[in-house]
Amino acid sequence: MVTALYQRGVANRLLSKLKEAADSFTQALELSPNFGEARLRRGIVWYYLDELGIARGDFERALEDLPDGRAAFWLGLTYADEGDFT
């Protein structure tokens, strides 16, 4: 079930149905709170919806669950978009 919700979120994102994608990723995270990939991708959706504060929260949490640097990259983008280069 979690994987199906995640995949639906990915599909919605690819179809530019951003709100639906965020909803699907949220449902996946309700069932599996440490699903870092879903959290990262939901953050990306929030980023594209210009909800930088919400996106930042997802990226910060994804840093705990994902071993690669993708969450840090996206987190940096949120700060850069707000002009915070410190």
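Just so you know, these numbers come straight off a predicted model, no measurement behind them.
Note that CZ of R61 and CG of L29 are 8.0 Å apart. Values are rounded to the nearest 0.5 Å. Separation of atoms CG (L63) and CG (D68) is listed at 9.5 Å; rounding is to 0.5 Å. Here the straight-line distance linking atom OG of S24 with atom CG of L5 works out to 6.5 Å at 0.5 Å rounding. Here the straight-line distance linking atom CD of E60 with atom CH2 of W74 works out to 15.5 Å at 0.5 Å rounding. Between N34 atom CG and E64 atom CD the span is 8.5 Å, to the nearest 0.5 Å.
Using cut-offs of 30° and 60° on the angle between ring planes, the pair Y6 and F35 is tilted.
No continuous path of hydrophobic side-chain contacts links L15 to W46 [ILVMFWY only; heavy atoms under 4.5 Å].
In terms of heavy atoms, T78 sits closest to A55 at CG2-CB, 4.3 Å. Between A71 and L40 the shortest heavy-atom distance is CA-CD1, 3.8 Å. Contact detail for G36 and L66: the closest heavy-atom pair is O-CD1, 3.6 Å. For the residue pair R13 and A21, the shortest heavy atom distance occurs at N-CB, 3.7 Å. Of all heavy-atom pairs spanning F25 and V10, the tightest one is CZ-N, 3.5 Å.
Note on E37 versus R70: salt bridge recorded, some NZ/NE/NH1/NH2 to OD/OE distance being below 4.0 Å. With respect to E82 and R56, a salt bridge is recorded, a charged nitrogen being found less than 4.0 Å from a carboxylate O.
Remark: the backbone N or O of A28 is not paired with any side-chain donor or acceptor of S32 at under 3.5 angstrom.
Between R8 and E20, the closest side-chain pair of non-hydrogen atoms is not below 4.5 Å.
Checked by atom type, the side-chain pair D58/Y47 shows no donor-acceptor distance below 3.5 Å.
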*Walk me through it: do Y79 and L52 pass the test side-chain contact (heavy atoms from CB on, under 4.5 Å)?*
CA-CA 8 Å; Y79 284 113; L52 300 180; over 6 Å; no

